[in-house]
Amino acid sequence: VCVLKMDHHCPWVNNCVGYRNHKAFILFLFYTFNISAYALFLIISRFYLCLGAGGACGRSSLKVIVVVVIAILFGLFTLCMMCDQWSVVTSSVTAIDRLKGEAQGMSSAKAINEVFG
C-alpha cells in the first residue's frame, strides 16, 4: 500500500506517518512530552514538600526513581522526535526523501498550513 508523503513507520502508533496523519502524530508527540514534563514537575514538587516536612512522606523511593527515569526518558525522546518532525513540517521534505537526496521543499508557512490546515 502506498502512503502519500510517507515519513516513517512508527511502532508507537503501529502505522505509517504520512500526509493523512502527520498532524495527529505531532500532536501525539506534543501531548506525550507535556504529560512527561508534568509528571516530572509533580514528582519534584512532592520531593520539595517532603524535604520541608522533615522527610515524613514515607519510603517509596524506588517508585519515585522509576517514575523520574521514565518521565525523563519519554520526555527527551518525544522532544527529539518533535524537533525532528517540526523540521519535516517546515521543510516539507520527509525523512525518506532526505535519505534519498530528493529535497523539493516549499515555504515554511505553506508547509505548516498543509499539515495543520
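Values in this document were obtained by computation on a predicted structure and should not be read as measured data. Scope of the values below: all heavy atoms of this structure, side chains included, with no hydrogens, waters or symmetry mates.
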- Message: Please tell me whether Y38 and L40 are part of a single hydrophobic cluster in this structure, the criterion being side-chain heavy atoms less than 4.5 Å apart.
- Response: no
- Task: Answer yes if F77 and F33 sit in the same cluster of Ile, Leu, Val, Met, Phe, Trp and Tyr residues linked by side chain heavy atoms under 4.5 Å apart, and no otherwise.
- Result: yes
- Query: Can you tell me how far the CZ atom of F116 sits from the CG atom of L27, to the nearest 0.5 Å?
  - Reply: 6.0 Å
- Residues forming a side chain to side chain contact (heavy atoms under 4.5 Å, CB included) with I43, sequence neighbours excluded: V64, V67, V68
- Query: Any salt bridge (Lys or Arg N to Asp or Glu O under 4.0 Å) pairs touching residues 17-26, not counting sequence neighbours?
  - Reply: none
- Query: With under 30° as parallel and over 60° as perpendicular, where do the rings of H8 and F25 fit, or are they tilted in between?
  - Reply: perpendicular
- Message: Return the CG to OG1 distance between L73 and T78, rounded to the nearest 0.5 Å.
- Response: 10.5 Å
- Just jot down the side chain to side chain contact (heavy atoms under 4.5 Å, CB included) partners of F74, sequence neighbours excluded, or say none. W12, T32, S36, I70
- Query: Which residue pairs pass the salt bridge (Lys or Arg N to Asp or Glu O under 4.0 Å) test with at least one member in residues 72-86, sequence neighbours excluded?
  - Reply: D84-R98
- Which residues pass the side chain to side chain contact (heavy atoms under 4.5 Å, CB included) test with N21, sequence neighbours left out? N15, V17
- Message: To the nearest 0.5 Å, what is the distance between CG on D97 and OG on S91?
- Response: 9.5 Å
- Output the distance between atom CD (Q85) and atom CZ (F30), rounded to the nearest 0.5 Å. 15.0 Å
- Query: Is any side-chain heavy atom of L79 less than 4.5 Å from a side-chain heavy atom of M82?
  - Reply: yes
- Query: In chain order, what residues pass the ring pair (Phe, Tyr, Trp, His ring centres under 6.0 Å) check against H9, with sequence neighbours excluded?
  - Reply: none
- Query: Going only through I, L, V, M, F, W and Y residues with side-chain contacts under 4.5 Å, is there a path from L76 to W86?
  - Reply: no
- Can you establish whether the number of heavy atoms outside Y31 located under 6.0 Å from its atom OH is more than 12? no
- Task: Just grab all the salt bridge (Lys or Arg N to Asp or Glu O under 4.0 Å) pairs involving residues 69-81, residues at least two apart or on different chains.
- Result: none
- Hey, any chance I72 and I44 share a hydrophobic cluster, counting ILVMFWY side chains that come within less than 4.5 Å of each other, even indirectly? yes
- Message: The criterion is side chain to side chain contact (heavy atoms under 4.5 Å, CB included); which residues satisfy it with S108, sequence neighbours excluded?
- Response: T90
- salt bridge (Lys or Arg N to Asp or Glu O under 4.0 Å) partners of residues 28-45, not counting sequence neighbours, each pair once: none
